[in-house]
Amino acid sequence: MRMSKLFVQTLREFPSDAEVISHKLLVRAGYIRKLTNGVYNYLPLMWRVLKKIENIVREEMDNAGAQELLMPFVQPAELWHESGRWDVYGKELMRLKDRHNREMCLGPTHEEVITSIGREGIRSYKQLPVNLYQIQSKFRDEIRPRFGLLRGREFIMKDAYSFDADEQGLDKSYEIMAKAYNKIFERCGLETKMVQSDSGAIGGSVSHEFMVLVNEEAENNAGENDVFYCTKCGYSANSNHAVSILNPVETDGKFETAQIVDTPNVHSIEGLAEFLKVPQSVICKCLIYVIDGKYVAALIRGDRTVEETKLMNAFQGNDIRIARNDEIDEIMQASGFNAIAGFIGPKGLKNVEIIADETVKELKNFVIGINQTDKHLIGANWGIDVELPQKTEDIRLVEENDKCVDCGAPLKVTKGIEVGNIFKLGTKYSKAMNATFTDKDGQEKPFIMGCYGIGISRTAAAAVERHHDEYGIKWPLAIAPYTVIIVPVSDQDETQMKVAEDIYQKLLDAKIEVILDDRQERAGVKLKDADLIGIPYRITVGKTIQDNLVEFKERATNNTITITPEEAVKRILAL
RNA sequence: CGGGAUGUAGCGCAGCUUGGUAGCGCACCUCGCUUGGGACGAGGGGGUCGCAGGUUCAAAUCCUGUCAUCCCGACCA
């Protein structure tokens with residue numbers, strides 16, 4: 001490709017609306033342009049990168065025995081009613097009506113459609129297992145799209161779905177996908193960690209996420225997930241799913257008798273601990289949440305944080321948020337109290353479900369709110385002063401240095417970008433949508449299903465997050481838009497141009513993806529652009545061509561060597 | 001949806017406080033000059049100042065409304 005003809009506009013400055021480095025660089029280097037909030041044009045360079053990733057995904061999926069197909073982007077509401085998700089998916093599902101007023105939606109994922117395909121096409125266990133996948137644009141009307149390609153509303157995704165006759169079959173399909181995923185990301189030049197995760201709105205039981213770990217030092221951390229991991233045994237999990245063994249702390253408030261004390265204006269745990277001169281760990285915190293419109297009081301030890309996903313899952317909820325002050329007022333009224341937030345306790349609450357984190361069980365002589373503003377109960381004990389809630393579960397957020405449940409070593413935390421995700425769905429969709437096959441014994445059984453996603457466009461952005469420097473992108477070779485760029489320093493020097501053209505022709509003949517920067521620009525512009533765009537190899541033809549020498553630069557390391565044009569061509573061909 | 005901010009040329013911004021005929025840098029076009037790290041000179045094109053009302057002799061500037069975008073929280077590939 002001749003640079004003078006390539007459709008790309010690099011910018012001298014970073015766009016002002018970009019926050020993370022991948023977004024800044026992809027816009028500045030001319031890969032993407034925003035069309036509207038969370039929706040981007042993939043310009044020619046970007047499209048080449050995406051196709052590279054897609055092809056790696058295709059090869060590995062095909063090797064793993066999956067078959068590619070393509071499902072519609074627009075889906076009928078009926079299927080979503082069958083699965084029950086029309087009512088629970090929420091506002092991310094972009095709903096629309098056709099001219100006959102029939103309800104449709106833009107596909108955010110394709111479990112419903114694939115299940116309908118499976119139930120029509122698979123009649124016998126003899127056809128199983130089956131794994132079908134597609135690569136396609138998805139649309140999720142995200143509450144807050146941001147970070148460019150890392151969280152768009154429209155994005156490109158590979159989604160695969162497996163059908164098996166039994167659990168063992170699913171385990172095997174799942175295992176095969178996990179292996180394929182590791183290979184895919186490795187080939188894309190991305191180191192990933194497979195971590196346990198919550199299965200969220202898609203449903204099912206077991207799930208893992210593939211995280212690209214990003215270092216904490218980065219000025220704007222694009223990693224939206226906290227990953228806890230054990231350096232000793234390899235345990236790793238998303239914070240929404242991670243579990244731990246707590247380090248011992250003081251859980252006895254040492255108050256000899258239970259009594260109500262004045263705690264004027266002290267409505268934070270920190271303030272309360274300071275005021276009463278006790279550690280936060282002897283206070284029982286009570287937080288009011290709204291889960292699917294119902295009130296829930298969550299009790300947890302004062303020094304710990306509630307993990308909202310765990311809490312929501314404890315009630316099989318779809319939506320969770322902390323209660324507003326007016327909602328707390330409403331609860332207080334209904335229960336015959338009038339306390340404000342900060343003094344709430346579980347005792348005597350009406351129309352509120354109460355759940356306790358496991359951490360509160362061991363509390364003795366502790367401090368707790370009793371629904372009286374500016375007062376707390378100290379020296380409280382379960383069963384005497386306050387009833388221990390029936391429902392106790394692990395609803396806490398793990399913290400760094402908590403101990404690993406598998407081996408006891410301290411856990412570490414890091415940020416991660418989720419580029420892939422695999423789920424064991426089980427029979428959630430096949431049962432709901434009556435998708436069955438006939439098993440060996442002649443029985444009709446629902447498919448045991450799995451689903452497996454890879455964010456193609458997000459993977460590209462994650463690669464930029466991991467591979468860049470102050471000058472621009474450093475694409476891993478396997479997903480770079482072009483392999484090599486030839487830069488003649490002066491377009492007025494006939495020898496330079498002739499050699500550059502010659503190298504270009506040789507590489508073209510060898511089917512190498514090559515750019516010749518034939519623009520009438522000064523050297524500085526061409527060299528800056530080459531670095532910014534991030535082509536893995538650069539051959540610079542300058543004055544030293546008099547001695548039959550060119551500069552050969554590897555962008556990944558920024559190492560340069562001076563060699564003959566013939567040698568440069570040879571090195572590229574040897575890649 | 002809650003909290004904060006911003007909308008002026010393709011990109012980055014000034015002008016607004018104190019109303020008076022819309023500016024700067026980059027990019028773009030022409031000519032010259034220049035060619036190893038985003039040169040220089042001369043000339044040129046491009047904007048209903050987000051949109052709609054209002055105040056005023058006069059609005060980018062003041063007022064009201066509205067839309068959009070960005071940042072912080074809940075979502076997720």
Side-chain angles (χ1 to χ4, degrees), chain A residues 9-20 23 27-28 30 33-34 36-38 57 89-93 108-109 135-160 181 197-202 207 209-212 220 224-225 238 240 289-291 308-309 312 318-322 324-325 417-423 451-462 471-472 487-493 496-497 519-532 538 540-545 550-551 553 560:
Chain A
Q9 296 78 35
T10 58
L11 305 175
R12 182 127 4 168
E13 288 164 286
F14 284 123
S16 64
D17 60 355
E19 187 73 7
V20 298
H23 186 195
V27 173
R28 182 166 166 208
R33 218 79 205 269
K34 181 167 68 184
T36 184
N37 192 12
V57 169
Y89 204 96
K91 291 190 178 155
E92 278 83 53
L93 184 63
T109 175
I135 296 175
Q136 187 202 38
S137 284
K138 295 277 184 276
F139 194 94
R140 295 184 189 171
D141 198 1
E142 295 277 349
I143 298 164
R144 186 150 89 86
R146 62 185 141 171
F147 299 162
L149 259 35
L150 284 173
R151 177 173 299 280
R153 291 195 292 174
E154 185 176 301
F155 58 98
I156 300 174
M157 179 175 170
K158 185 281 304 183
D159 47 325
Y181 273 37
S197 116
D198 176 66
S199 41
I202 295 181
S207 89
E209 294 168 340
F210 288 77
M211 295 284 189
V212 172
N220 283 306
E224 294 191 80
N225 298 269
N238 191 313
N240 65 21
Y289 280 90
V290 184
I291 300 178
E308 296 185 354
T309 303
M312 182 171 79
N318 288 299
D319 180 61
I320 184 169
R321 62 180 171 80
I322 197 99
R324 296 187 306 261
N325 283 336
I417 300 169
E418 183 190 344
V419 288
N421 198 324
I422 57 180
F423 288 89
C451 75
Y452 318 91
I454 289 180
I456 302 286
S457 42
R458 181 182 281 182
T459 297
Y471 303 108
V487 180
V489 168
S490 168
D491 64 90
Q492 312 205 322
D493 184 309
Q496 286 180 24
M497 287 310 289
R519 293 177 300 172
Q520 295 180 19
E521 290 286 355
R522 292 168 60 84
V525 174
K526 290 186 276 198
L527 297 174
K528 288 277 187 196
D529 273 347
D531 285 347
L532 179 62
R538 186 179 85 198
T540 313
V541 185
K543 285 193 197 106
T544 54
I545 199 60
V550 297
E551 183 189 271
K553 173 175 171 174
T560 58

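Numbers restart at 1 for each chain; the letters A, B, ... are given by sequence-line order, proteins then strands.
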task = May I ask you to verify whether the side chain of A/R140 and the base of B/C75 hold a donor-acceptor pair under 3.5 Å?
result =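 Under the 3.5 Å cut-off, the side chain and the base do not form any donor-acceptor pair.
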task = Spell out yes or no: do the side chain of A/R151 and the base of B/C75 have one donor N/O and one acceptor N/O closer than 3.5 Å?
result =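 A donor-acceptor contact between them is present.
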For [X], report the nucleic acid contact type (base, sugar-phosphate, nothing); a contact means any heavy atom under 4.0 Å.
| X | answer |
| --- | --- |
| A/V489 | base |
| A/G453 | nothing |
| A/K34 | sugar-phosphate |
| A/L532 | base |
| A/T36 | sugar-phosphate |
| A/G38 | nothing |

task = Kindly indicate, with the supporting measurements, whether the criterion side chain to side chain contact (heavy atoms under 4.5 Å, CB included) is fulfilled by A/R153 and A/N37.
result = CA-CA 8 Å; A/R153 291 195 292 174; A/N37 192 12; 4.3 Å; yes
Between [N] ([atom2]) and [X] ([atom1]): distance, integer Å:
| X | N | atom1 | atom2 | value |
| --- | --- | --- | --- | --- |
| A/Q520 | B/A39 | CD | C1' | 16 Å |
| A/R519 | B/C28 | CZ | C1' | 14 Å |
| A/E308 | B/C76 | CD | P | 12 Å |
| A/D141 | B/C76 | CG | C1' | 13 Å |

Hey, is the main chain of [Y] close enough, under 3.5 Å, to the side chain of [X] for a donor-acceptor pair?
| X | Y | result |
| --- | --- | --- |
| A/R458 | A/L150 | yes |
| A/Q496 | A/P488 | no |
| A/R28 | A/L11 | yes |

message = Please name the nucleotide paired to B/U21 by Watson-Crick or G-U wobble geometry with both distances under 3.5 Å, or report none.
response =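 Result: none.
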request  = Quick one: list whatever passes salt bridge (charged side-chain N to carboxylate O under 4.0 Å, His left out) with A/R538, sequence neighbours left out.
outcome  =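 With neighbours one apart ignored, the set is A/D531, A/E551.
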message = Please encode protein proximity along nucleotides 9-16 of chain B as a string of B, S and -, counting only heavy-atom distances under 4.0 Å.
response = -SSSS---
ask   = When the C1' atoms of B/A77 and B/A60 are considered, how many whole Å apart are they?
value =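 The answer is 43 Å between these two C1' atoms.
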Starting the side chain at C-beta, find the nucleotide from [options] nearest to [X].
| X | options | value |
| --- | --- | --- |
| A/E418 | B/U69, B/A77, B/G36 | B/A77 |
| A/Q492 | B/G37, B/C75, B/U35 | B/U35 |
| A/E142 | B/A77, B/U35, B/C28 | B/A77 |
| A/T540 | B/U34, B/G36, B/C70 | B/G36 |
| A/R522 | B/C76, B/A77, B/U34 | B/U34 |

request  = Could you list the residues that satisfy ring pair (Phe, Tyr, Trp, His ring centres under 6.0 Å) with A/Y452, not counting sequence neighbours?
outcome  =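 Expected list: none.
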message = Once rounded to the nearest 0.5 Å, what's the spacing between atom OH of A/Y289 and atom CZ of A/R321?
response =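 Taking OH in A/Y289 and CZ in A/R321, the distance rounds to 12.0 Å.
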Is the shortest side-chain N/O distance from [X] to OP1 or OP2 of [N] below 4.0 Å?
| X | N | value |
| --- | --- | --- |
| A/S490 | B/U34 | no |
| A/N421 | B/C76 | no |
| A/K528 | B/G36 | no |
| A/K543 | B/G36 | yes |
| A/R153 | B/A77 | no |

key: Carboxylate-amine/guanidinium proximity below 4.0 Å for A/R151 and A/E142   =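 Yes, A/R151 and A/E142 are salt-bridged.
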